[in-house]
Amino acid sequence: MITVPVGTKDILPSERPAWDYICNIIHDTFKAYGFGEIRTPVFEATELFSRGVGDTTDVVEKQMYTFEDKGGRSLTLRPEGTAGVVRSYIENGMASLPQPVKIFYDMPIYRYEKKQKGRYREFTQCGVELFGAAGANADVEVIAMVNTILTRLGISDIQLVINSIGCPNCRPQYNDMLKSYFSDNEDKLCDTCKGRLQRNPLRILDCKSHDCNCLAENCPKITDHLCPECAEHFEQVKAGLDALGIKYVVDPYVVRGLDYYSKTVFEFISTGIGSQGAVCAGGRYDGLVEILGGAHTPAVGFAMGIERMLLHMESCGLLDNLSAPKPRLYIAAMGQQAVMEAERIAYSLRTKGVYVETDIMNRSFKAQFKYADKIGAEYTIALGDNELASGTVNLKRMSDGTVQPVKLCNVVDMF
Ligand code: ATP
Ligand code: MG
């Protein structure tokens, strides 16, 4: 027996309605905010991620699916969406488009992680990138967009956590403070964080190890050490959220797992789905376009984990009433001529986009009606020699059993 690889899973037809429901609302909301969809390749040059995401991050250090292709190139299955979108923004000269440029994506993501509930090796992110707007109202707009999605999905119990992690002007001093703070207890840090202490001490705050977390509990807060520009920006973000009535808490220890962020970072956290509670995360990344070879371009975005959204919504019973689509009409047919006529009517209706079923199993009338009932057909007709001869069929509404005679030649126009 060959089984699905560890950390991956099949999304079965019975599960797709929930996916469609969530993703349609997400896409629709993105469009209402003026975002257009992009598709980028599943694999990219490995360097895109080591340079873009940062080589002291968990994602790059531990989680990438990297391989050499037959031409000797090092390629990596994308472990996040932003770097590829930024590459495309630069490569396709999108800087010359009217600004801001608003792009969304819906893509599978690959990370070699320990499989847990809500943590997979292949998962789906829907996200956005907004290029060209430096002001706090761009941050507010993308955060508000997540709120719009949650509201439209009926979700009320997810908490927004925000922070500012400063910029290249103020973060180096803060990093120095962290360095001296953690150096006193270096032996208590996990091995990965020992390495990070010199190269990127901010990363220690994002470590998942219990000891590192305890050690970080009383470390200096970045919000006490922002430069005036970052502090002002953060105040404006908070004021903008207040103005829209969007609730948040400030957590000065949220730093995000990817290196490219600057100023605003945020996470949306569910408390109902266990320890993998972050359903959406993002922030501002004013330096990334330049790091990847473009002109300096302010940018802000987020990514939403769809599997975790599903888990959250399931746990709140918000997906209970979703089911597979039901046929508008089931045409039961008996006899060679009648079966051909049924196929012809079904063909015409399906060409109009109407969901119709008819028998292709050579079942008896009785078995056909049993099946029509099982799949929840809204209407049925029975088509045999008598109906062919009279040119009339009985159209039956299954919900209440009402029957209406209809001319065979008019059935297609009834739907
Ligand atoms: P975590 O702290 O849970 O590892 P992260 O900081 O690595 O999350 P991001 O890189 O910000 O996550 O990705 C954005 C979103 O993608 C997360 O908020 C989460 O909903 C989802 N996500 C991240 N990793 C996984 C995974 N391995 N499986 C399923 N969903 C994931
Ligand atoms: Mg992670």
Side-chain angles (χ1 to χ4, degrees), residues 4-9 11 19 22-23 26 49 52-54 56-65 76-86 104-129 142-143 145-146 149-150 153 155 158-163 165 192 196 202-210 212-213 216 251 253-261 264-285 288 300-315:
V4 80
V6 175
T8 68
K9 59 192 163 39
I11 303 166
W19 280 78
I22 294 179
C23 292
I26 292 173
F49 303 114
V53 178
T56 56
T57 60
D58 266 358
V59 166
V60 172
E61 276 189 316
K62 302 176 184 170
Q63 300 174 350
M64 294 208 299
Y65 279 93
T76 294
L77 300 185
R78 60 179 169 228
E80 59 94 57
T82 301
V85 176
V86 170
F104 84 83
Y105 60 80
D106 178 341
M107 52 171 69
I109 302 288
Y110 300 85
R111 293 184 189 172
Y112 191 78
E113 296 204 71
K114 198 161 152 266
K115 183 185 173 247
Q116 297 166 60
K117 187 183 174 196
R119 191 175 293 289
Y120 312 103
R121 293 182 177 174
E122 181 187 59
F123 60 99
T124 308
Q125 286 185 344
C126 285
V128 302
E129 317 296 350
V142 299
I143 293 173
M145 184 155 54
V146 181
I149 290 167
L150 299 180
L153 289 171
I155 297 171
I158 281 183
Q159 188 177 50
L160 167 61
V161 181
I162 62 170
N163 190 25
I165 58 166
T192 314
R196 287 165 170 167
L202 190 73
R203 281 270 72 77
I204 299 172
L205 302 187
D206 196 48
C207 183
K208 298 276 194 285
S209 114
H210 178 71
C212 297
N213 279 338
D251 180 345
Y253 298 125
V254 167
V255 297
R256 308 288 309 110
L258 317 172
D259 269 355
Y260 49 62
Y261 289 110
T264 317
V265 292
F266 57 90
E267 289 183 345
F268 283 81
I269 313 282
S270 157
T271 48
I273 57 171
S275 48
Q276 321 316 323
V279 296
C280 176
R284 178 165 279 284
Y285 51 94
L288 183 59
V300 54
F302 66 74
M304 193 174 255
I306 304 305
E307 285 80 359
R308 291 192 194 171
M309 287 288 286
L310 275 156
L311 280 175
H312 177 86
M313 291 183 71
E314 262 162 24
S315 77

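We count ligands from 1, going down the list as the structure has it; atoms in each ligand are counted the same way. Excluded from the calculations below are hydrogen atoms, water molecules and symmetry mates; all remaining heavy atoms, backbone and side chain alike, are included.
- Salt-bridge annotation for E61 and R196: present, with a side-chain N of the basic residue lying under 4.0 Å from a carboxylate O of the acidic one.
- Within the 4.0 Å heavy-atom cutoff, E113 counts among the residues contacting ligand 1.
- Taking every heavy atom of A278 and a limit of under 4.0 angstrom, the matching atoms of ligand 1 come to 17 (C), 18 (O), 19 (C), 20 (O).
- When each atom of ligand 1 is checked for a heavy atom of V279 under 4.0 Å away, the hits are 18 (O), 20 (O).
- Considering only non-hydrogen protein atoms, atom 8 (O) of ligand 1 sits nearest to R308 NH1, 4.3 Å.
- Shown in contact with R111 at under 4.0 Å from a heavy atom are these atoms of ligand 1, numbered in order with element: 5 (P), 7 (O), 9 (P), 10 (O), 12 (O), 13 (O), 23 (C), 24 (N).
- For the pair K9 and Y120, the cation-pi test (distance below 6.0 Å, angle within 45°) is passed.
- Considering only non-hydrogen protein atoms, atom 1 (P) of ligand 1 sits nearest to R119 NH2, 3.6 Å.
- Neither the backbone nor the side chain of E267 has a heavy atom within less than 4.0 Å of ligand 1.
- Within ligand 1, the atoms closer than 4.0 Å to a non-hydrogen atom of C280 are 18 (O), numbered from 1 in the order shown.
- At a heavy-atom cutoff of 4.0 Å, ligand 1 is contacted by the side chain of R256 but not by its backbone.
- For T271 and Q159, the side-chain atoms include no donor-acceptor pair closer than 3.5 Å.
- When only interatomic distances are considered, the shortest N/O to N/O separation between E307 and ligand 1 does not fall below 3.5 Å.
- Looking only at heavy atoms of the protein, atom 30 (N) of ligand 1 is closest to F123 CD1, 3.3 Å.
- Under a 4.0 Å heavy-atom criterion, K208 is in contact with ligand 1.
- Between the Q63 side chain and the P79 main chain, no donor and acceptor come within less than 3.5 Å of each other.
- The minimum heavy-atom distance linking S270 with V279 is given by the pair CB-CG1, 4.1 Å.
- Geometrically, ligand 1 and Q125 share a nitrogen or oxygen pair separated by less than 3.5 Å.
- Around atom OH of Y112, no more than 12 heavy atoms belonging to other residues, nucleotides or ligands sit under 6.0 Å away.
- Here the closest heavy-atom approach between residue V300 and residue Y285 is recorded as C-CE2, 3.7 Å.
- K117 and L311 make their closest contact through CE-CD2, 3.9 Å (heavy atoms, listed as atom of the first residue, atom of the second, distance).
- At a 4.0 Å heavy-atom cut-off, ligand 1 touches Y120 through backbone and side chain alike.
- Closest approach of Q125 to A303, counting heavy atoms only: OE1-CB, 3.5 Å.
- Here is the list of ligand 1 atoms found below 4.0 Å of a heavy atom in G118: 28 (N), 29 (C), 30 (N).
- Regarding atom 21 (C) of ligand 1, its nearest protein heavy-atom neighbour is G305 CA, 3.7 Å.
- Atom OH of residue Y65 and atom CZ of residue R78 lie 14.5 Å apart, to the nearest 0.5 angstrom.
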